[in-house]
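Structure first, then comments.
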Amino acid sequence: MRTPPESFLIFKEELEKARLEKERLKREYEAKLVELNRELGRLKEQIQSQQELIRTTLEYAIRLEENIGNFKNEVTNGSNLKNRSFH
């Protein structure tokens, strides 16, 4: 059996180095992807919290507007009743 040529052995060694580098990059990529997904999850939670805060603030503002409107009506009706009194 003949010994393989030196160029073949060099090529085989380079191929193995490339395979190892590819595996390293794959692991690095997967780790980065996991970290990005974790960060994305945190950002989603923050957005949901902010949306809930905005929703609560809007509901509160709407109730305040209704209360102001009711109060305005009471003040208007109260001054009208004052003008009608016989005292």
Practice task
Give, for atom CD of Gln51 and atom CD1 of Ile54, the distance between the pair rounded to the nearest 0.5 Å.
Solution key: 7.0 Å

Exercise for the section: Please test Arg19 against Glu16 for salt bridge (Lys or Arg N to Asp or Glu O under 4.0 Å), starting from the C-alpha separation and ending with a verdict. Expected result: CA-CA 5 Å; Arg19 186 186 66 76; Glu16 181 64 17; 2.4 Å; yes

Practice task
Inspect the contact between Lys32 and Glu28 and indicate whether a charged nitrogen and a carboxylate oxygen are less than 4.0 angstrom apart.
Solution key: no

Practice task
Considering only NZ, NE, NH1 and NH2 on the basic side and carboxylate oxygens on the acidic side, decide whether Glu35 and Arg38 come within less than 4.0 Å.
Solution key: yes

Fill in the blank from the handout: Rounded to the nearest 0.5 angstrom, the CG-CD distance for Leu25 and Glu30 is 11.0 Å

Problem - Atom pair CG (Leu15) and NZ (Lys22), whose distance is rounded to the nearest 0.5 Å - result: 10.0 Å

Practice task
May I have the step-by-step check of salt bridge (Lys or Arg N to Asp or Glu O under 4.0 Å) for Arg63 and Glu59, ending in yes or no?
Solution key: CA-CA 6 Å; Arg63 277 197 312 258; Glu59 289 171 0; 5.1 Å; no

Practice task
Working to the nearest 0.5 Å, report the span between CG of Leu64 and CD1 of Ile68.
Solution key: 6.0 Å

Problem - Glu39/Arg42 ion pair, N-O < 4.0 Å - result: yes

Exercise for the section: Kindly compute the distance separating CD (Glu45) from CG (Leu40), expressed to the nearest 0.5 Å. Expected result: 10.5 Å

Exercise for the section: Look up atom CG in Asn67 and atom CD1 in Ile62, then write down how far apart they are to the nearest 0.5 Å. Expected result: 12.0 Å

Practice task
Report the C-alpha distance between Glu52 and Arg55 in whole Å, list the side-chain angles of each, state the deciding distance to 0.1 Å, and finish with yes or no for side-chain contact (heavy atoms from CB on, under 4.5 Å).
Solution key: CA-CA 5 Å; Glu52 185 61 32; Arg55 189 177 358 246; 3.4 Å; yes

Exercise for the section: Would you indicate whether Glu14, at its atom CD, is surrounded by more than 12 heavy atoms from other residues, nucleotides or ligands within a distance under 6.0 Å? Expected result: yes

Practice task
Could you check if a side-chain atom of Arg24 sits within less than 4.5 angstrom of a side-chain atom of Arg27, using non-hydrogen atoms only?
Solution key: yes

